[in-house]
Protein chains: 2
Amino acid sequence: MTRAPATNGPSTASDSRTWTIAQIADEFAITHRTVRHYEELDLITPERRGTVRIYHRRDRTRLNLILRGKRLGFPLEEIRTIINLYDEPRGQASQLSYVLDQINDRRGDLERRRRDIEDALKELDEFERRCKTDLRQLRREPQSPT
Amino acid sequence: MTRAPATNGPSTASDSRTWTIAQIADEFAITHRTVRHYEELDLITPERRGTVRIYHRRDRTRLNLILRGKRLGFPLEEIRTIINLYDEPRGQASQLSYVLDQINDRRGDLERRRRDIEDALKELDEFERRCKTDLRQLRREPQSPT
DNA sequence: CTTTACGTTGACGTTAACGTCAAGTAATAC
DNA sequence: GTATTACTTGACGTTAACGTCAACGTAAAG
């Protein structure tokens, strides 16, 4: 090893393990550039030990949310507002009801997507049935006169 | 009206209604540019009457699939291969089993997305519960000493 | 016959989400 | 010491999915 690993001891007090950018990139199967890009967009905010980045538990949680958001096709900007929602302080009732509104918006979006997916899956099943019927048909009359 | 509407009679024989680009763009709430872009990528292939584009039933079906694909966050290239799958001639058994493979790939992808969505919805519900608890708490102890 | 409304083809511009160098620093390995 | 290895900050390049002109064609309306 060339540099002291950021991963110190097997979980100290509550959970203060840390990770280097290489470990993060590796684990999440993304590039350093991507990790830094997410930081530029304020999606994650790693600690700085001098100039070098140190990633905490929180950063990993956020990365999981980010990547899932990406798999679902959300733009990074939107992902940011969503995951920030989970983190923002919500001491005031006004803030809380704002958050509750946002939650309902999000739910609507997700449910719509789920419907789209289920429709797509149904069509796929239907299409598969047709294909299989065709295939059985072909097996019955092996080849037409060439 | 300045130009003869492409929409002729209320469904002639089987279904030979046609539409202009303006009608298509309008109905699907997209721009002319977008419609032409999809054509450039071979996602739709409208008829040509001289230089002008005439859209048929088939184009509308495809547009619906395209837009759903987009809502689900698929890239246009991928969308093309998918909707072409539904259209390709599949006379040979080899082609059919290829298609059946593709179907399974697609299904896997869609099911994964569905899981992601359901996870996200669960987290959202959980988060909403916490927010609502907080809100009830706030109503009990209206404001802390300023 | 000119205007107008709708259509067409380029072709360059833009935004998001990174990729890809280049050049420098800093700790460890020898 | 010097060489590696990991990390850093620019900064320009790239791809997808259109946006946005500009310049032109054409049919119907006056």
Side-chain angles (χ1 to χ4, degrees), chain A residues 1-8 18-56 59 62-83, chain B residues 1-8 18-56 59 62-83:
Chain A
M1 276 171 200
T2 57
R3 201 184 266 252
T7 334
N8 34 38
T18 60
W19 291 264
T20 69
I21 194 171
Q23 293 170 326
I24 291 291
D26 225 62
E27 246 193 87
F28 288 88
I30 55 185
T31 68
H32 294 50
R33 181 64 176 90
T34 300
V35 179
R36 290 209 315 275
H37 184 57
Y38 294 163
E39 185 181 348
E40 286 172 16
L41 298 187
D42 283 318
L43 285 162
I44 45 182
T45 50
E47 187 201 338
R48 290 298 183 118
R49 209 99 83 196
T51 160
V52 66
R53 276 168 260 252
I54 309 285
Y55 296 85
H56 292 255
D59 298 306
R62 293 196 141 229
L63 261 172
N64 272 314
L65 291 174
I66 294 167
L67 296 182
R68 189 179 66 196
K70 282 208 60 192
R71 286 199 302 273
L72 293 177
F74 289 103
L76 292 178
E77 289 263 330
E78 203 169 336
I79 294 179
R80 176 178 53 188
T81 74
I82 299 169
I83 69 184
Chain B
M1 277 170 196
T2 58
R3 200 185 264 255
T7 334
N8 34 36
T18 61
W19 292 264
T20 70
I21 195 172
Q23 293 169 326
I24 292 292
D26 225 63
E27 248 192 88
F28 288 87
I30 55 186
T31 68
H32 294 52
R33 180 64 176 91
T34 300
V35 178
R36 290 208 315 274
H37 184 55
Y38 294 162
E39 186 181 348
E40 285 172 18
L41 298 188
D42 283 318
L43 285 162
I44 45 182
T45 50
E47 186 199 338
R48 290 299 183 115
R49 208 97 85 194
T51 158
V52 66
R53 276 169 260 253
I54 309 286
Y55 296 86
H56 292 256
D59 299 307
R62 294 196 140 229
L63 262 172
N64 272 314
L65 291 174
I66 295 167
L67 296 183
R68 190 179 65 194
K70 283 208 56 191
R71 286 198 302 272
L72 293 178
F74 290 102
L76 292 179
E77 290 263 329
E78 204 170 335
I79 294 179
R80 178 178 51 189
T81 74
I82 299 169
I83 68 183

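Letters A, B, ... are given to chains in the order of the sequence lines, protein chains preceding strands, and every chain is numbered from 1.
- What separates CZ of Arg36(A) from C1' of dC21(C) is a distance of 12 Å, to the nearest Å.
- Checking the phosphate oxygens (OP1, OP2) of dG19(D), a side-chain nitrogen or oxygen of Thr34(B) falls inside 4.0 Å.
- When all heavy atoms of Pro46(A) and Ile54(A) are compared, the pair lying nearest together is CB-O, 3.5 Å.
- You'll find a donor-acceptor pair under 3.5 Å spanning the side chain of Arg33(B) and the base of dT20(D), going by distance alone.
- Atom P of nucleotide dT15(C) and atom CD of Glu40(A) are separated by 17 Å, given to the nearest angstrom.
- For Thr51(B), no side-chain nitrogen or oxygen approaches OP1 or OP2 of dG25(D) to under 4.0 Å.
- At whole-Å resolution of the value, CD in Glu47(A) and P in dT8(D) are 12 Å apart.
- Atom CG in Asp26(A) sits roughly 10 Å away from atom P in dC7(D) (whole-Å rounding).
- For dG19(D), the OP1/OP2 oxygens have a side-chain nitrogen or oxygen of Thr31(B) closer than 4.0 Å.
- Across the protein-nucleic acid pair, His32(A) atom NE2 and dT5(D) atom P stand 14 Å apart, rounded to whole Å.
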Side-chain donor-acceptor pairs under 3.5 Å in residues 71-83 of chain B, sequence neighbours left out?
from	atom 1	to	atom 2	distance (Å)
Arg71(B)	NE	Asp116(A)	OD2	2.7
Arg71(B)	NH2	Asp116(A)	OD1	2.9
Arg71(B)	NH2	Asp116(A)	OD2	3.4
Glu77(B)	OE1	Arg80(B)	NH2	3.0
Glu77(B)	OE2	Arg80(B)	NH2	3.3
Arg80(B)	NH1	Leu41(B)	O	2.9
Thr81(B)	OG1	Glu78(B)	O	2.9

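- The distance between atom CZ of Arg49(A) and atom C1' of dT8(D), rounded to the nearest whole Å, is 16 Å.
- When the P atom of dG13(D) is taken as reference, atom NE2 of His37(A) falls 18 Å away, rounded to whole Å.
- Thr20(B) and Gln23(B) make their closest contact through N-OE1, 2.9 Å (heavy atoms, listed as atom of the first residue, atom of the second, distance).
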Dump the intermediate steps for side chain to side chain contact (heavy atoms under 4.5 Å, CB included) on Glu27(A) and Trp19(A), then the final yes or no. CA-CA 10 Å; Glu27(A) 246 193 87; Trp19(A) 291 264; 3.9 Å; yes
Step by step, would you call Leu63(B) with Ile24(B) a side chain to side chain contact (heavy atoms under 4.5 Å, CB included)? CA-CA 9 Å; Leu63(B) 262 172; Ile24(B) 292 292; 3.4 Å; yes
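- Using a 4.0 Å cut-off, some side-chain N or O of Thr20(A) falls inside it from OP1 or OP2 of dC7(D).
- Closest approach of Leu43(A) to Arg62(A), counting heavy atoms only: O-NH1, 2.7 Å.
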Test log, rule side chain to side chain contact (heavy atoms under 4.5 Å, CB included), inputs Ile44(B) and Tyr55(B): CA-CA 9 Å; Ile44(B) 45 182; Tyr55(B) 296 86; 4.3 Å; yes
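- Rounded to whole angstrom, the span from the CD1 atom of Ile30(A) across to the C1' atom of dT20(C) amounts to 17 Å.
- Looking at residues 63-83 of chain B, you'll see that no heavy atom sits under 4.0 Å from any atom of DNA chain C.
- Remark on DNA chain D: of its neighbouring residues Tyr38(B) and Ile21(A), the 5'-side contact belongs to Ile21(A), judged by nearest-heavy-atom nucleotide.
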